[in-house]
Amino acid sequence: MAIIDLRDVTKRFETPAGTVVALDRASLSVAAAQLVVVLGPSGSGKTTLLNMIGALDTPTEGLIDVGGKRVTDLSRSQLFGFRRQTVTFIFQAFNLFPELTALENVRFGAEVSGHRSASQLAVQMLEDVELGDRVQHFPHELSGGEQQRVAIARSLATGNPVLLADEPTGELDFRTGIQILQLLRDRTNDGKTVVVVTHNREISRMADLVIELSDGHIISSAPPSGGTVDATELRW
Ligand SMILES: Nc1ncnc2c1ncn2[C@@H]1O[C@H](COP(=O)(O)OP(=O)(O)O)[C@@H](O)[C@H]1O
Ligand SMILES: [Mg+2]
């Protein structure tokens with residue numbers, strides 16, 4: 001069964017300058033434990049699509065199922081539970097709480113999802129992203145790549161089955177970017193489903209499924225033509 005399923009999803013924004021069709025009858029289906037890359041130029045509707053999957057925004061038309069839930073039918077309080085227990089957005093590093101240490105930032109992720117031994121889990125997540133020796137550092141005492149890894153550890157600490165990342169390598173140097181992509185790939189080996197949005201075509205080579213967007217339309221949805229490669233084979 002698909003863990004993410006969209007049927008004819010359209011999103012229109014009404015603006016003073018007129019109607020913007022950010023997504024136009026998009027349909028897609030994603031099996032669990034896949035790494036999906038959503039590819040497209042700026043303005044093609046990538047962020048809109050991700051926000052629909054994560055229930056940060058609602059479609060104008062269409063049906064969305066995620067993790068066995070019909071997201072488009074959930075009440076406000078059900079949506080609250082859905083965001084806590086099903087989907088997790090991997091935000092850019094600048095979303096870290098500046099006044100909290102790395103450990104406290106990650107523990108927050110665990111607490112939001114109601115984990116009992118949140119501190120223990122937070123330490124383990126920081127070790128997983130190779131920051132076991134930085135737990136007491138504040139964000140401003142960490143490099144950009146380290147901050148991004150803390151942000152990822154915080155997202156992973158939720159334990160949620162669907163991870164959504166909008167341009168996760170955008171602010172990072174190449175080497176750190178590859179490291180982040182490897183971390184995301186590791187999660188699919190743990191059974192999580194990961195959706196990565198990017199305008200960088202090279203990243204699509206490591207996907208199980210590539211969904212290509214142009215002007216709000218899904219123009220293709222298929223495995224990468226050259227087969228799925230390891231993140232370490234990517235170059236940009
Ligand atoms: N809140 C909004 N109000 C009006 N237009 C929007 C809004 N969000 C996105 N758009 C428009 O929808 C289109 C798709 O945007 P977006 O999903 O952010 O694209 P991408 O992430 O691929 O750059 C763009 O034309 C953008 O200007
Ligand atoms: Mg975007």
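All ligand and atom numbering here is 1-based and tracks the order in the structure.
Heavy-atom separations between Gly40 and ligand 1 are all 4.0 Å or longer. Contact annotation: Gly216 has no heavy atom less than 4.0 Å from any atom of ligand 1.
Between the side chain of Ser155 and the backbone N or O of Phe89 there is at least one donor-acceptor pair closer than 3.5 Å. Panel note: side chain Asn51, backbone Leu56; no donor-acceptor pair is recorded below 3.5 Å. In this structure, the side chain of Thr10 does not engage the main chain of Asp24 through any donor-acceptor pair within 3.5 Å. At least one donor-acceptor pair under 3.5 Å links the side chain of Arg83 to the backbone N or O of Ala55. Under a 3.5 Å cut-off, the side chain of Gln147 and the backbone N or O of Leu142 do form a donor-acceptor pair. A distance-only check finds a donor-acceptor pair linking the side chain of Asn200 to the backbone of Glu202 [under 3.5 Å].
At the shortest separation from atom 4 (C) of ligand 1 among protein heavy atoms lies Phe13 CB, 3.3 Å. Of the protein's heavy atoms, Val20 CG1, 3.7 Å lies nearest to atom 11 (C) of ligand 1. Given atom 14 (C) of ligand 1, the protein heavy atom at minimum distance is Gly43 O, 3.5 Å. If you check which protein heavy atom lies closest to atom 18 (O) of ligand 1, you get Thr47 CB, 3.8 Å. Of all protein heavy atoms, the one closest to atom 19 (O) of ligand 1 is Gly45 N, 3.2 Å. Atom 12 (O) of ligand 1 has Ala22 CB, 3.3 Å as its closest protein atom, hydrogens excluded (heavy atom only). Atom 17 (O) of ligand 1 has as its closest protein heavy atom Thr48 OG1, 2.6 Å.
For Gln182, the CD atom counts as densely surrounded, since its 6.0 Å shell holds more than 12 non-hydrogen atoms of other residues, nucleotides or ligands.
Of the N and O atoms on the side chains of Asp230 and Thr232, at least one donor lies less than 3.5 Å from an acceptor on the other residue.
With contacts defined as side-chain heavy-atom distances shorter than 4.5 Å, the pair Val66/Val162 qualifies.
Salt bridge present: Asp208 and Arg185 bring a charged side-chain N and a carboxylate O closer than 4.0 Å. Contact check on Arg12 versus Glu61 returns a salt bridge, with a Lys/Arg side-chain nitrogen under 4.0 Å from an Asp/Glu carboxylate oxygen.
Remark: atom 26 (C) of ligand 1 lies closer than 4.0 Å to no protein heavy atom.
Thr169 approaches Gly177 most closely through the heavy-atom pair CG2-O, 3.6 Å.
For ligand 1, the atoms lying closer than 4.0 Å to a non-hydrogen atom of Thr15 are 4 (C). Atom numbering of ligand 1 starts at 1 in the shown order; those under 4.0 Å from a heavy atom of Pro41 are 22 (O).
For the pair Lys46 and ligand 1, the shortest N or O to N or O distance falls below 3.5 Å.
Protein N/O/S atoms closer than 2.8 Å to the Mg ion (ligand 2), listed by chain and residue number, are Thr47 OG1.
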